[in-house]
A.B. asks: 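Before anything else, here's the structure in question.
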There are 2 protein chains.
Amino acid sequence: MASSHAESPGAAGRPLTDFEQVLLGVIADEPRSGYGLKKLFNSSPASVYQPSPGALYPALRRLEERGLLHADKQISSGRRTLRLYQVTESGLTVYREWLRQPVVPETVGSDLGQHLMRFSLMENYLERAEVIAFLMDLGDALDGFVRGMEQFVAARQGTLRQHALLAIEHGVVIHRASLDWVRSAMAELAEAPSVP
Amino acid sequence: MASSHAESPGAAGRPLTDFEQVLLGVIADEPRSGYGLKKLFNSSPASVYQPSPGALYPALRRLEERGLLHADKQISSGRRTLRLYQVTESGLTVYREWLRQPVVPETVGSDLGQHLMRFSLMENYLERAEVIAFLMDLGDALDGFVRGMEQFVAARQGTLRQHALLAIEHGVVIHRASLDWVRSAMAELAEAPSVP
DNA sequence: CCCCCCATGTAACATGTTACATGATTGA
DNA sequence: TCAATCATGTAACATGTTACATGGGGGG
């Protein structure tokens with residue numbers, strides 16, 4: 001039942017899940033319903049993430065209960081109730097704080113997807129200079145990660161089995177490719193100044 | 001309480017988690033205790049995965065209850081009880097089945113880590129020819145994934161915003177790098193015939 | 001004596017998956 | 001009328017995270 005008591009206005013609580021943050025960001029770009037979000041994710045390139053209804057609807061309710069989202073109960077063209085979500089002001093604040101969070105080098109090895117998601121959502125809310133600074137930090141973190149992996153390999157020269165070594169090299173290769181991407185993205189953004 | 005009733009011998013039940021499979025594989029390589037596994041993961045390159053005790057110990061118990069692992073209760077050098085796990089025969093069977101599972105092209109975009117883990121563990125249990133066949137399939141799947149991404153981009157030429165397009169290109173770049181890795185790994189394995 | 005490492009685990013809590021339930025509307 | 005799509009959600013279950021609890025043993 002939609003408890004209609006507005007929650008903590010400052011939005012201080014347990015930090016949001018990545019998934020919750022992404023929902024917030026997507027809805028900040030454009031109001032959506034649960035079903036609309038489902039369609040959006042389904043149409044995404046080759047299964048980036050397909051949230052199950054049991055994950056999606058409760059997540060939206062949680063965001064609503066925190067006062068970060070607000071649902072307009074609508075009856076779209078005679079249909080049954082459609083809950084069209086919009087971000088509230090505190091939702092927008094939380095979202096922007098997330099976008100501006102610094103890149104933590106230690107997590108870049110396991111969290112690359114989150115950074116990409118953030119980069120993608122940044123387009124409408126951050127200025128070009130901030131985006132470029134973000135990419136710079138991401139590049140540094142990736143560079144450090146690659147160096148760390150290479151040192152790890154060098155330190156265990158000979159002790160690693162062939163497949164383990166190859167698997168680690170896969171990690172190196174992947175992150176070096178990410179780094180190259182960061183550099184080319186920076187170059188592209190630097191020379192084509194589109195209005196945010 | 002360690003219920004000592006041996007479970008279903010054929011090991012038919014809910015399929016194992018990736019994490020459970022990895023535990024099974026690591027223990028198949030060499031008997032380990034919970035703490036030994038913790039140390040092993042901690043020493044892994046730059047936080048591949050750090051299982052929390054609340055994930056690790058219950059997982060080991062589940063594998064034991066299924067009859068896939070067996071614990072020798074030991075008192076190592078006067079210390080408190082140490083549970084040294086070994087794979088049982090049915091555990092080894094399940095493990096080998098996992099190693100031989102075909103590459104599913106649809107999942108390769110989100111599951112690359114699992115395939116790498118499998119590749120790494122294959123070294124001791126599969127023959128060189130099987131490993132190369134696995135890499136061949138993985139390469140085909142990656143190639144298909146990259147083509148699919150490129151088609152996706154081509155189909156929406158112009159409709160994608162700049163950052164979204166760049167993020168997708170990141171996916172392309174990453175998976176192409178993976179594909180290159182697969183090819184070089186195949187070449188390396190083909191010419192250096194070490195005994196499995 | 002105190003601290004850190006060995007070594008196990010539990011409790012509370014949140015979250016996710018799968019599968020099912022419900023009902024309205026549109027088009028063949 | 002029948003099927004598909006729109007649109008919401010719940011129930012059962014398993015799993016994970018964080019934080020805490022417990023206790024022995026070795027070294028400074």
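So you know, we letter chains A, B, ... as the sequences are listed, proteins then strands, and number each from 1. The shown structure was predicted, so the numbers you read here are calculated from the model rather than taken from an experiment.
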A.B. asks: Heavy atoms from C-beta onward define the side chain here; which of C:dT8, C:dA19, D:dC6 lies closest to that of B:Arg83?
C.D. replies: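 The answer is C:dT8.
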A.B. asks: Taking the side chain of B:Leu82 as its heavy atoms from C-beta onward, which of C:dA7, C:dT18, D:dA19 lies nearest to it?
C.D. replies: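 The answer is C:dA7.
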A.B. asks: Considering just the side-chain nitrogens and oxygens of A:Tyr35, establish if one lies under 4.0 Å of OP1 or OP2 belonging to D:dC6.
C.D. replies: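 Yes, within the criterion.
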A.B. asks: How long is the straight-line distance from CG of A:Leu138 back to CG of A:Leu116, given to the nearest 0.5 Å?
C.D. replies: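 That separation rounds to 7.5 Å.
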A.B. asks: Are B:Glu64 and B:Arg62 close enough, and set up right, to give a salt bridge (Lys or Arg N to Asp or Glu O under 4.0 Å), and what steps lead you there?
C.D. replies: CA-CA 5 Å; B:Glu64 194 184 7; B:Arg62 289 196 296 274; over 6 Å; no
A.B. asks: Choose from D:dA14, D:dT5, D:dT18 the nucleotide whose nearest atom is closest to any side-chain atom of B:Arg14.
C.D. replies: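 Nucleotide nearest to B:Arg14's side chain: D:dA14.
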A.B. asks: How is A:Gly54 classified with respect to the nucleic acid when contacts are heavy atoms under 4.0 Å: base, sugar-phosphate, or nothing?
C.D. replies: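 Base contact.
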A.B. asks: Less than 3.5 Å apart, any donor N or O on the side chain of A:Asp18 or A:Gln21 sitting next to an acceptor on the other?
C.D. replies: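 Short answer, no.
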A.B. asks: Ring centres under 6.0 Å, that's the criterion: do A:His163 and B:Phe119 meet it?
C.D. replies: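 For A:His163 and B:Phe119, the ring centres are under 6.0 Å apart.
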A.B. asks: Among the nucleotides D:dT8, C:dT17, D:dT18, which one has an atom lying closest to any side-chain atom of A:Ala55?
C.D. replies: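 Of the options given, the side chain of A:Ala55 lies nearest C:dT17.
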A.B. asks: Counting only side-chain heavy atoms from C-beta out, which of C:dT17, C:dT15, D:dT15 sits nearest to B:Thr17?
C.D. replies: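 Output: D:dT15.
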A.B. asks: Without decimals, in angstroms, what is the distance between B:Glu20 CD and D:dA14 C1'?
C.D. replies: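 In whole Å, D:dA14 C1' and B:Glu20 CD are 10 Å from each other.
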A.B. asks: Find the distance B:Leu56:CG to D:dT18:P and express it as a whole number of Å.
C.D. replies: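 Taking CG of B:Leu56 and P of D:dT18, I get 15 Å after rounding.
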A.B. asks: How far apart are the C-alpha atoms of A:Arg66 and A:Arg14, what are their side-chain angles, what is the distance that settles it, and do they pass the side-chain contact (heavy atoms from CB on, under 4.5 Å) test?
C.D. replies: CA-CA 10 Å; A:Arg66 281 185 176 221; A:Arg14 185 214 342 90; 2.7 Å; yes
A.B. asks: Would you please confirm or rule out a distance under 4.0 Å between OP1 or OP2 of D:dG16 and any side-chain N or O of B:Arg62?
C.D. replies: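 Indeed, a polar side-chain atom of B:Arg62 lies that close.
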A.B. asks: In whole angstrom, give the distance that lies between atom CZ of A:Arg32 and atom P of D:dC6.
C.D. replies: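 So the two atoms are 14 Å apart, to the nearest Å.
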A.B. asks: Tell me: NZ of B:Lys39 to C1' of C:dC6, nearest whole Å?
C.D. replies: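 Those two atoms, NZ and C1', are 8 Å apart.
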A.B. asks: For the pair made of OH in B:Tyr57 and P in C:dT8, what is the distance, rounded to whole Å?
C.D. replies: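 Distance, rounded to whole Å: 4 Å.
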A.B. asks: Measuring from the side chain of A:Tyr49 (C-beta onward, heavy atoms only), which nucleotide among C:dT8, D:dT18, C:dT17 has the closest atom?
C.D. replies: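 Looking only at heavy atoms from C-beta outward on A:Tyr49, the closest nucleotide is C:dT17.
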A.B. asks: Atom NZ of B:Lys38 and atom C1' of D:dG16: how far apart are they, to the nearest Å?
C.D. replies: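 After rounding, the gap between these two atoms is 16 Å.
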A.B. asks: Provide, to the nearest angstrom, the distance between the CG atom belonging to A:Leu40 and the P atom belonging to D:dC6.
C.D. replies: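 My rounded result for the distance is 14 Å.
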A.B. asks: What is the separation between atom CD on A:Gln50 and atom C1' on C:dG16, rounded to the nearest whole Å?
C.D. replies: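 Roughly 15 Å, once rounded to whole Å.
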A.B. asks: Check every atom of C:dT17, C:dG16, D:dT15 against the side chain of A:Phe19 and return the nucleotide holding the closest atom.
C.D. replies: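 From the listed options, C:dG16 comes nearest.
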